[in-house]
Amino acid sequence: MLGNPNRARLVKIATFNVNGVNGRLPVLLRWLELAQPDIVCLQELKAPDERFPERAIRDLGYEAIWHGQKSWNGVAILSRVGEIHETRRALPGDLDDSHSRYIEAAVNGVLIAGLYLPNGNPRPGPKFDYKLRWFDRLHDHLSELVGLDAPVVIAGDFNVMPTDLDVYAPGRWRDDALFAPEVRAAYARLLEQGWTDALRALHPGEPIYSFWKYWRDSFQRDAGLRIDHILLNKPAAARLVAAEVDRRPRAWQKTSDHAPVWIELADRPKRTRRPKGDA
DNA sequence: ATGCCCTTCTGTGAAGGA
């Protein structure tokens with residue numbers, strides 16, 4: 001491929017739990033300019049629809065769709081690489097669910113879902129039950145997306161650490177709603193549908209975190225959790241060339257407790273290596 | 001075992017977060 005003038009273009013797709021899109025607007029804008037993502041899923045807007053800072057985001061070249069609510073939750077998709085064709089703004093399966101936690105759109109030939117899975121604490125309790133029900137609904141819906149011929153990218157705050165490698169102190173989190181056996185099993189069942197956990201696929205065996213509590217100098221001590229994930233169906237996974245956590249914004253003043261996670265996809269499948277002796 | 005810290009709201013402490 002050296003010197004190939006037709007080298008594949010890349011699209012950079014990120015997810016960022018901003019923990020308040022208005023309180024964190026300077027951080028978000030600074031990060032957009034620094035990181036130059038093409039498509040971004042945001043979570044925890046904590047703002048009603050009419051208070052989404054559309055103009056400031058548009059001034060940086062992004063169009064956006066969002067699904068907010070007062071005080072809590074809220075998700076958005078930004079794009080600077082073409083129109084956002086919204087396909088849904090709620091997870092099916094519960095018409096009474098009032099939480100704004102899911103948004104989905106076709107952008108530039110990729111189906112993008114942005115989600116904010118319930119926290120679920122305390123466990124046990126109704127919030128934990130709601131988390132497991134939400135997971136069931138997600139499982140049902142993603143079963144219909146995983147087999148699409150187009151690349152599908154599921155990005156967001158899943159509020160799950162999938163394995164011990166994703167927790168600074170696994171022993172202390174065993175009974176927590178983010179790490180409990182039922183929740184890790186629910187995440188594993190999702191992957192069994194055929195999704196690739198992009199960060200883990202490119203960094204096997206390595207501790208990776210995307211969240212650090214505000215307390216006790218957690219970031220300075222790197223006492224973190226990996227709860228922000230990007231899942232890829234097979235057509236998307238075949239184009240995956242990079243996946244990283246951008247830790248830089250976590251060190252800024254007045255910042256989110258999450259760091260952005262991002263991937264790069266080639267605009268066509270990577271060339272697969274042929275087995276030796278293949279004609 | 002708990003608090004720690006931070007957000008939001010017509011708030012002035014409470015609730016939710018993870």
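Here is how names work: the chains are called A, B, and so on, in the same order as the sequence lines, proteins then strands, and each is numbered from 1.
Residue-level contact check: A/Asn159 touches the backbone only, with heavy atoms under 4.0 Å from sugar-phosphate atoms and none from bases. Nucleic acid contact class of A/Phe179 (heavy atoms, under 4.0 Å, all strands): none. Residue A/Asn73 is classed as having no contact, given no heavy-atom separation below 4.0 Å to the nucleic acid. Within the nucleic acid shown, A/Arg51 comes within 4.0 Å of sugar-phosphate atoms alone, with no base atom in reach, counting heavy atoms only. Using a 4.0 Å heavy-atom criterion, one finds that A/Asp228 contacts no nucleic acid atom at all. Heavy atoms of A/Lys127 sit under 4.0 angstrom from primed sugar atoms or phosphate atoms, though from no base atom. Within the nucleic acid shown, A/Trp173 has no heavy atom closer than 4.0 Å to any nucleic acid atom.
Out of B/dG16, B/dC9, B/dG17, the shortest distance to the side chain of A/Lys70 is found at B/dC9. Between B/dC9, B/dT7, B/dC5, one nucleotide has an atom nearer to the side chain of A/Pro48 than all others, and that is B/dC9. Checked against B/dG17, B/dC9, B/dC4, the side chain of A/Arg216 finds its nearest nucleotide in B/dC4.
Residue A/Asn121 contributes atom CG, which lies 16 Å from atom C1' of B/dA1 at whole-angstrom precision. Rounding to whole angstrom units, CG of residue A/Leu178 and C1' of B/dG16 are separated by 13 Å. Per the geometry, CZ belonging to A/Arg172 stands 14 Å off C1' belonging to B/dC4, to the nearest Å. In this structure, A/Asp176 atom CG and B/dT2 atom P are separated by 13 Å, rounded to whole Å. Separating the OH atom of A/Tyr116 from the P atom of B/dG16 is a distance of 12 Å, rounded to the nearest angstrom. We find that CH2 of A/Trp215 is positioned 14 Å from P of B/dT7, with the value rounded to whole Å. Across the protein-nucleic acid pair, A/Gln69 atom CD and B/dA15 atom P stand 18 Å apart, rounded to whole Å. Regarding A/Leu117, its CG atom lies at a distance of 14 Å from the C1' atom of B/dG17, rounded to whole Å.
When the P atom is compared between B/dC4 and B/dT10, the two are found 25 Å apart, to the nearest whole Å. Separating the C1' atom of B/dA1 from that of B/dA14 is a span of 22 Å, rounded to the nearest Å. One P atom belongs to B/dT2, the other to B/dC6, and the distance between them is 22 Å to the nearest Å.
No close placement of the A/His99 and A/Tyr116 rings is indicated, their centers lying 6.0 Å or farther apart.
Summarising the geometry of A/Phe158 relative to A/Leu117, their closest heavy-atom pair is O-CB, 3.4 Å, with the distance given to 0.1 Å. Listed here is the closest heavy atom pair of A/Leu240 and A/Leu265: CA-CD2, 3.8 Å. In plain terms, the two heavy atoms of A/Ala259 and A/Val245 that are nearest each other are CB-CG1, 3.8 Å.
Toward the 5′ end of DNA chain B lies the nearest nucleotide of A/Ser71, the other residue of the pair A/Ser71 and A/Phe211 mapping further downstream. Nucleotides of DNA chain B nearest to A/Val21 and A/Ile227 differ in position, and the one nearer the 5' end is that of A/Val21.
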- salt bridge (Lys or Arg N to Asp or Glu O under 4.0 Å) between A/Glu33 and A/Arg30, intermediate numbers included: CA-CA 5 Å; A/Glu33 293 201 282; A/Arg30 179 180 173 188; over 6 Å; no
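The side chain of A/Lys254 contributes an N or O atom lying less than 4.0 Å from OP1 or OP2 of B/dT7. Residue A/Arg24 has a polar side-chain atom (N or O) positioned under 4.0 Å from OP1 or OP2 of B/dT7.
A salt bridge does not link A/Asp166 with A/Arg184: every distance from a Lys NZ or Arg NE/NH1/NH2 to an Asp or Glu carboxylate oxygen is 4.0 Å or more.
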